[in-house]
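Counting begins at 1 with the first residue of the sequence.
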Amino acid sequence: LNKFISNNEEKLLNREKSRSAINKALKLDNNLGEAYITKGNILGKFDWNWEGMKNMLEKGLNLDPNNAYGHMLLSDYYLVNSNFDMAIKEARIAENLDPMNPYIGNWVGVIYCMANDYDRSIRQYQKVLEIFPSYGSVLNELGFAQYLNGQKDDSRNSFIKLQEINGNYELVK
């Protein structure tokens, strides 16, 4: 229990240090798009201040419109607010800016899946797997989308491949 408490205290301290560093950076130069994007991430993910997150992300993206991570985070904002069209739009912008990033490619598939567009979700995951065949997160999400799409055998095969990649051979016997 003491480790848990001290770990949480350390996380809170690190979060405050991050906020302080971002605010200092913005005082030195208020044109740092990435600083606003990072501030938006903290507001949304840690404080659950989604509107503050959106405002900071938009400010950051106005300064740094080619920041793929900023577009991905803005996509997350729209997803939280059930605006799937905008979530997909922002995720696709992020993917176009950083097409070799499997994390972003996976995120596009997640949004399609959450919008109940399982076919597009599956195609997206397969596209990422063509480039990164051992990317476990994509295999996990692919298996889930296949299951929701009624493709039980394909889903099972995706989960088996994931366990094989992770070295969990006992689970696939």
Side-chain angles (χ1 to χ4, degrees), residues 4-129 131-132 135-142 144-145 148-149:
F4 179 75
I5 291 170
S6 115
N7 189 20
N8 279 341
E9 289 170 358
E10 184 178 344
K11 286 179 183 178
L12 289 172
L13 180 62
N14 289 338
R15 199 176 302 163
E16 289 309 313
K17 286 180 181 179
S18 297
R19 289 180 215 274
S20 176
I22 291 166
N23 289 332
K24 185 176 181 179
L26 289 171
K27 281 182 185 175
L28 294 171
D29 182 354
N30 67 351
N31 290 311
L32 297 172
E34 192 167 329
Y36 288 107
I37 290 167
T38 302
K39 189 172 186 173
N41 188 32
I42 290 171
L43 285 170
K45 302 293 176 74
F46 296 125
D47 300 337
W48 292 40
N49 178 349
W50 300 106
E51 291 309 312
M53 174 189 192
K54 181 183 182 212
N55 291 336
M56 288 295 111
L57 294 174
E58 287 176 340
K59 191 169 191 171
L61 287 169
N62 281 334
L63 294 166
D64 186 4
N66 293 324
N67 188 306
Y69 188 62
H71 286 284
M72 195 177 92
L73 290 171
L74 190 54
S75 169
D76 192 20
Y77 163 82
Y78 286 118
L79 183 63
V80 166
N81 287 283
S82 300
N83 186 338
F84 298 113
D85 291 338
M86 288 301 294
I88 290 167
K89 177 184 174 192
E90 289 296 328
R92 295 298 312 247
I93 291 170
E95 183 182 38
N96 288 334
L97 289 169
D98 194 358
M100 295 302 291
N101 186 325
Y103 183 75
I104 293 174
N106 186 55
W107 179 247
V108 174
V110 166
I111 294 172
Y112 283 136
C113 189
M114 293 191 74
N116 298 322
D117 191 342
Y118 305 126
D119 290 331
R120 284 175 84 181
S121 178
I122 290 166
R123 285 194 305 271
Q124 176 67 24
Y125 295 134
Q126 290 169 337
K127 182 175 96 173
V128 175
L129 286 171
I131 302 168
F132 302 97
Y135 195 69
S137 294
V138 174
L139 282 166
N140 184 62
E141 298 296 341
L142 173 61
F144 185 64
L148 292 173
N149 204 33

### Query
Between atom CH2 of Trp107 and atom CG of Asn101, what is the distance when rounded to the nearest 0.5 Å?
13.0 Å
#### Entry: Heavy-atom pair with the smallest gap, counting every atom of Ala35 and Leu26
CB-CD2, 3.6 Å
### Summary
From the list Arg19, Met53, Met56, side-chain contact (heavy atoms from CB on, under 4.5 Å) partner of Ile42 resolves to Arg19
### Residue Phe84 excluded, over 12 heavy atoms near CZ under 6.0 Å
yes
### Audit row: Asp98, Met72, side chain to side chain contact (heavy atoms under 4.5 Å, CB included) steps and yes/no
CA-CA 11 Å; Asp98 194 358; Met72 195 177 92; over 6 Å; no
### Query
Would a distance-only check, ignoring hydrogens and angles, find a side-chain to backbone donor-acceptor pair under 3.5 Å from Tyr36 to Asn30?
yes
### Query
After noting the C-alpha distance and the side-chain angles of Leu142 and Ile122, does the key distance pass the side chain to side chain contact (heavy atoms under 4.5 Å, CB included) rule?
CA-CA 6 Å; Leu142 173 61; Ile122 290 166; 3.8 Å; yes
### Message
For the residue pair Tyr118 / Asn116, report whether a side-chain donor-acceptor contact shorter than 3.5 Å exists.
### Response
yes
### Query
Roughly how far, to the nearest 0.5 Å, is CD of Glu10 from CG of Leu13?
7.5 Å
#### Entry: Inter-residue atom distance Asn96.CG - Asn66.CG, 0.5 Å rounding
11.0 Å
### Message
Evaluate Gln124 against Val128 for side chain to side chain contact (heavy atoms under 4.5 Å, CB included), listing each step before the verdict.
### Response
CA-CA 6 Å; Gln124 176 67 24; Val128 175; 4.0 Å; yes
### Query
Is the number of heavy atoms from other residues, nucleotides or ligands within 6.0 Å of CZ (Phe144) greater than 12?
no
### Exam field: side chain Ser20 to backbone Glu16, donor-acceptor pair closer than 3.5 Å
no
### Query
Near Glu58 CD, under 6.0 Å, is it more than 12 heavy atoms from other residues, nucleotides or ligands?
yes
#### Entry: Heavy-atom pair of closest approach, residues Ser75 and Ala87
OG-O, 2.7 Å
#### Entry: Approximate separation, where rounding is to 0.5 Å, of Tyr78 OH and Lys54 NZ
4.0 Å
### Task
Kindly say whether Lys89 contributes a backbone atom to a donor-acceptor pair with the side chain of His71 at under 3.5 angstrom?
no
### Task
Would you check, one step at a time, whether the test side chain to side chain contact (heavy atoms under 4.5 Å, CB included) holds for Val110 with Met114?
CA-CA 6 Å; Val110 166; Met114 293 191 74; 4.1 Å; yes
### Summary
Nearest heavy-atom approach of Ala91 to Ile111 is CB-CD1, 3.7 Å
### Query
Measuring from Ile88:CD1 to Leu79:CG, what's the distance to the nearest 0.5 Å?
9.0 Å
### Query
Any idea which heavy atoms bring Tyr125 and Cys113 closest together, and the distance?
OH-CB, 4.2 Å
### Query
Quick one: does Tyr69's side chain have a donor or acceptor within less than 3.5 Å of a partner on Ile104's backbone?
no
### Query
Distance from Leu57 atom CG to Asn67 atom CG, nearest 0.5 Å?
9.5 Å
### Query
Looking just at side-chain N and O atoms, do Tyr77 and Glu51 make a donor-acceptor pair shorter than 3.5 Å?
yes
## Note on the structure
Tightest non-hydrogen contact, residues Pro102 and Phe132, listed as CB-CD1, 3.6 Å
### Summary
Scanning both residues in full, the closest heavy-atom pair of Ala25 with Leu32 reads O-CD1, 3.7 Å
